[in-house]
Peer 1: 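This is the structure, below, for whatever I ask next.
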Amino acid sequence: MKIQAFILDLDGVLTNTSEYHFQAWQRIAEEEHIPFGRQENERLRGVSRRRSLEILLGDALPRYSEAQLQAMMDRKNAVYQKMLEQITPDDFLPGASELLDGLRARGLKIAIGSASKNTRLVLDRLGILDAFDGIADGNSVAHSKPAPDIFLHAAALLDTPPASCVVVEDAESGITAALAAKMFAVGIGPQARVGKAHLRYDSTAQLDLEDVLTTFERL
Ligand code: G6P
Ligand code: MG
């Protein structure tokens, strides 16, 4: 099998929107008097908006009506979208733009595989809405990460067998999803978070494309 395509997560891999997600959830947690810090936030990384709220509320979840849950998700999203207004084409994480260039130069297909319903908005702010051969986002599938569906959908958009796809992910749920999709998983972040990936780098800037390609071919 040869690598034909890369499926890239967005938040925390190409741009630092994972920090904005955290700050927006923190705002909601404060309003609801629920303790919520960076440690708790680790469990929200990569998971859908609804699942994030369920995790954030924890044992308090049954105390809220569906209408209240919906209102909290809407509030979080409004805060988050306000933050997105700051994003410009200068807001790539270090190495992200070079990664896209390197993939293109090697003739590989590129898709986005993100749980976010704001994916297109963020890509547009970054000026790269047209840079992908496929976009699989929070509107594409019913079951989000850790289910493999989003990555399988991305592979189908690219017309590429899953075994020829590489996923780049910063979330534990995303690595689980990639492995469940039988794809080669590249983790971005600490061992404790993405250590189950086939390969791991501390940051997008550290990702070595040649290293990924040769490691994949050796498997
Ligand atoms: C990404 C982020 C998560 C976020 C999810 C849903 O996976 O990593 O932190 O909760 O998308 O984002 P959305 O923009 O739809 O609320
Ligand atoms: Mg992410």
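Counting convention: from 1, in listed order, for ligands and their atoms alike.
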Peer 1: With the Mg ion (ligand 2) as the point of reference, which N/O/S atom of D11 is the closest?
Peer 2: O
Peer 1: For the Mg ion (ligand 2), decide whether E169 has an N, O or S atom at a distance under 2.8 Å.
Peer 2: no
Peer 1: Run the numbers for me: atoms of ligand 1, each under 4.0 Å from some heavy atom of S52, listed by number.
Peer 2: 10 (O)
Peer 1: Without swapping roles, check the side chain of R200 against the backbone of G189 for a donor-acceptor pair under 3.5 Å.
Peer 2: yes
Peer 1: Any donor-acceptor pair under 3.5 Å linking the side-chain atoms of D11 with those of S18?
Peer 2: no
Peer 1: Judged on heavy-atom distance to atom 14 (O) of ligand 1, which of G174, S144, S116 sits nearest?
Peer 2: S116
Peer 1: Hey, are Y80 and Q23 close enough side-chain-wise for a donor-acceptor pair under 3.5 Å?
Peer 2: no
Peer 1: Out of the N/O/S atoms in D170, what is the name of the one closest to the Mg ion (ligand 2)?
Peer 2: OD1
Peer 1: So, are D133 and R104 salt-bridged, with charged N and O less than 4.0 Å apart?
Peer 2: yes
Peer 1: Of the backbone atoms (N, CA, C, O) and the side-chain heavy atoms from C-beta on, which set of L44 has a member under 4.0 Å from an atom of ligand 1: side chain, backbone, both, or neither?
Peer 2: backbone
Peer 1: For F92 and T204, run side chain to side chain contact (heavy atoms under 4.5 Å, CB included): C-alpha distance rounded to whole Å, both residues' side-chain angles, the deciding distance at 0.1 Å, then the answer.
Peer 2: CA-CA 10 Å; F92 284 100; T204 304; over 6 Å; no
Peer 1: Show your reasoning for whether salt bridge (Lys or Arg N to Asp or Glu O under 4.0 Å) applies to R38 and E19.
Peer 2: CA-CA 10 Å; R38 286 190 185 274; E19 178 65 22; 2.9 Å; yes
Peer 1: Would K145 and T176 satisfy side-chain hydrogen bond (donor to acceptor under 3.5 Å, both in side chains), going step by step from the backbone distance to the final call?
Peer 2: CA-CA 8 Å; K145 303 166 190 176; T176 307; over 6 Å; no
Peer 1: Please work out, at 4.0 Å between heavy atoms, whether the side chain, the backbone, both, or neither of V47 comes within that distance of ligand 1.
Peer 2: backbone
Peer 1: Do R75 and E31 meet the salt-bridge criterion of a basic N to acidic O distance under 4.0 Å?
Peer 2: yes
Peer 1: State the atoms of ligand 1, each with its element, that fall below the 4.0 Å cut-off from a heavy-atom position in K117.
Peer 2: 13 (P), 14 (O), 15 (O)
Peer 1: Taking 4.0 angstrom as the limit and counting only heavy atoms of N118, give me the atoms of ligand 1 inside it, by number and element.
Peer 2: 13 (P), 14 (O)
Peer 1: For atom 7 (O) of ligand 1, which of the options G12, S18, G46 provides the nearest non-hydrogen atom?
Peer 2: G46
Peer 1: Give the atom numbers and elements of ligand 1 that come within less than 4.0 Å of a heavy atom of D11.
Peer 2: 1 (C), 2 (C), 8 (O), 11 (O)
